[in-house]
There are 2 protein chains.
Amino acid sequence: MSEVHNFEKEMNRGFIQLVVLLLLEKPMYGYMIVRVLEQNGVVVDENTLYPLLRRLEEKGALSSRWDAPEAKARKYYQVTDQGRALRGSLLEIWQQQGKAIEALRQEVES
Amino acid sequence: MSEVHNFEKEMNRGFIQLVVLLLLEKPMYGYMIVRVLEQNGVVVDENTLYPLLRRLEEKGALSSRWDAPEAKARKYYQVTDQGRALRGSLLEIWQQQGKAIEALRQEVES
DNA sequence: TGACATACTGTGTGATACATGGTATATGTA
DNA sequence: TACATATACCATGTATCACACAGTATGTCA
């Protein structure tokens, strides 16, 4: 059905969280996040992002507010201090993983 | 229950596949992989790794053979050409993600 | 003998990416 | 005005996966 197999899909899972936490240093709404990431070569499905945003808010990593109540509804999200702490630990994990992969790559390619 | 939250756990998902595909350029068995990764600061649960190995073999990315049939059974896995191709595309994804994260980090931290 | 390490397997459970389908407003254009 | 398309979000369902829990069986060492 899909071009991208499961193994490739799995690569997105942790990554999207981290990207969102980095991006939302400035307040943005869901649809906008999808477009901005798209322009940077990162494809995130709407139906992946919206639940993720709600989940991150539920856990205290993001805060949100509705904008322009009478116009087209936009829900702006922004990272909280708790979210910054989470971002920090995810970044650490990311970097440790990067080191492991680089080390292994050198072994394989030599 | 666990120290590590879901957001942190999610970081492992794509990563483990890639590490295994890199590591198995040399034939190794499951229990050995867990120990080797452990020594490199990467914690992979046995109950995560064993199914992953079977899954990768099922999809043709790994081949396996049982060793020493009458002694303690060890199942040696090794990457196939198909697995190398998969590894290549996962590495590409990894690098693209790395670029995206680095770009965002610079924006956030400046 | 018995504790512990080694080596693997089967069956849950909960979380999540993505699919499908839907609501509602805004905007461009014929 | 009519109608398509873009914008912006949500609800529900399915498949997959990390990890928990529990078990089998052999090897090793005190």
Side-chain angles (χ1 to χ4, degrees), chain A residues 1-20 27-39 42-59 61-62 64-77 90 93 97, chain B residues 1-20 27-39 42-59 61-62 64-77 90 93 97:
Chain A
M1 290 299 156
S2 64
E3 287 284 300
V4 180
H5 302 358
N6 282 319
F7 295 117
E8 274 94 347
K9 276 187 191 170
E10 289 297 310
M11 297 296 290
N12 261 326
R13 290 184 80 120
F15 170 69
I16 296 174
Q17 304 169 1
L18 184 45
V19 164
V20 165
M28 292 175 75
Y29 54 95
Y31 194 83
M32 187 181 172
I33 295 172
V34 172
R35 297 302 151 217
V36 167
L37 289 177
E38 208 172 54
Q39 282 159 26
V42 177
V43 177
V44 181
D45 195 284
E46 288 190 10
N47 303 309
T48 298
L49 182 67
Y50 287 120
L52 173 63
L53 290 172
R54 285 181 231 126
R55 221 154 53 230
L56 283 166
E57 185 180 20
E58 207 184 322
K59 302 277 179 69
L62 298 179
S64 74
R65 62 181 164 78
W66 285 98
D67 193 50
E70 69 289 313
K72 180 158 56 179
R74 283 174 176 172
K75 198 171 186 180
Y76 279 85
Y77 289 91
L90 295 190
I93 293 171
Q97 291 178 343
Chain B
M1 289 299 156
S2 61
E3 287 284 301
V4 180
H5 302 359
N6 283 320
F7 296 117
E8 274 93 348
K9 274 188 192 171
E10 289 298 310
M11 296 297 291
N12 260 326
R13 290 184 81 119
F15 169 70
I16 296 174
Q17 305 168 2
L18 184 44
V19 163
V20 164
M28 293 177 73
Y29 54 95
Y31 193 84
M32 186 183 175
I33 295 172
V34 173
R35 297 302 151 219
V36 167
L37 288 177
E38 208 171 54
Q39 281 159 26
V42 177
V43 176
V44 181
D45 196 284
E46 287 190 10
N47 302 310
T48 298
L49 182 66
Y50 286 120
L52 173 63
L53 291 172
R54 287 182 230 126
R55 221 153 54 230
L56 283 166
E57 184 180 22
E58 206 184 322
K59 301 278 179 70
L62 297 179
S64 75
R65 63 182 163 74
W66 285 98
D67 193 51
E70 70 288 312
K72 179 159 52 178
R74 283 174 176 173
K75 198 172 187 180
Y76 279 84
Y77 289 90
L90 295 189
I93 292 171
Q97 290 177 343

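Bear in mind that the values here come from a model prediction, so they are computed numbers and not experimental data.
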J.: Starting at NZ of Lys75(A) and ending at C1' of dT23(C), how long is that distance when rounded to a whole Å?
T.: 16 Å
J.: Using the side-chain heavy atoms of Arg55(B), tell me which of these nucleotides is nearest: dA18(D), dT9(C), dC9(D).
T.: dA18(D)
J.: Can Arg35(A) be said to sit on top of Tyr31(A)'s aromatic six-ring, NZ or CZ under 6.0 Å from centre and within 45° of the ring axis?
T.: yes
J.: Could you check Gln17(B) against Val20(B) for side-chain contact (heavy atoms from CB on, under 4.5 Å), going step by step and ending with a plain yes or no?
T.: CA-CA 5 Å; Gln17(B) 305 168 2; Val20(B) 164; 6.0 Å; no
J.: When you measure from the side chain of Thr48(A), which nucleotide among dT16(C), dA7(C), dC18(C) comes out closest?
T.: dC18(C)
J.: Tell me which of Glu46(B) and Pro51(A) sits closer to the 5' end of DNA chain D, going by the nucleotide each one is nearest to.
T.: Pro51(A)
J.: Taking only side-chain N and O atoms of Tyr50(A), does any of them lie within less than 4.0 angstrom of OP1 or OP2 on dC10(D)?
T.: no
J.: Nearest to the side chain of Arg35(A), which nucleotide is it out of dT9(C), dC19(D), dT7(D)?
T.: dT7(D)
J.: Step by step, would you call Met11(B) with Phe15(A) a side-chain contact (heavy atoms from CB on, under 4.5 Å)?
T.: CA-CA 7 Å; Met11(B) 296 297 291; Phe15(A) 170 69; over 6 Å; no
J.: Going through the distances and angles, do Glu57(A) and Lys75(A) end up as a side-chain contact (heavy atoms from CB on, under 4.5 Å)?
T.: CA-CA 12 Å; Glu57(A) 185 180 20; Lys75(A) 198 171 186 180; 4.1 Å; yes
J.: Hey, does the Lys NZ or Arg CZ of Arg54(A) hover above the aromatic six-ring of Tyr50(A), less than 6.0 Å from the centre and inside 45° of the axis?
T.: no
J.: Is Arg74(A) near enough to dT25(C) that one of its side-chain N or O atoms lies under 4.0 angstrom from OP1 or OP2?
T.: no
J.: Once you round it to whole Å, what is the distance between P of dA18(D) and CG of Leu37(B)?
T.: 14 Å
J.: Would you please confirm or rule out a distance under 4.0 Å between OP1 or OP2 of dC17(D) and any side-chain N or O of Asn12(B)?
T.: no
J.: Can you measure Glu58(A) atom CD to dA15(C) atom C1' for me and round it to whole angstrom units?
T.: 12 Å
J.: For Lys59(B) and for Asp45(B), locate the closest nucleotide of DNA chain D by heavy-atom distance; then report the residue assigned to the nucleotide nearer the 5' terminus.
T.: Lys59(B)
J.: Nearest whole Å is fine: how far is dT11(C) P from Arg54(B) CZ?
T.: 11 Å
J.: Can you check the Leu52(B) CG to dT9(C) P distance for me, whole Å?
T.: 13 Å
J.: Spell out yes or no: do the side chain of Asn47(A) and the base of dA11(D) have one donor N/O and one acceptor N/O closer than 3.5 Å?
T.: yes
J.: Tell me the interatomic distance from Leu53(A), atom CG, to dT16(C), atom C1', rounded to whole angstroms.
T.: 14 Å
J.: How long is the line joining CD of Glu10(A) and C1' of dT16(C), in whole Å?
T.: 9 Å
J.: With respect to the phosphate group of dT6(C), does any side-chain polar atom (N or O) of Tyr31(B) fall under 4.0 Å of OP1 or OP2?
T.: yes
J.: Would you mind reading off the distance between Met32(B) atom CE and dA7(C) atom C1', rounded to a whole angstrom?
T.: 13 Å
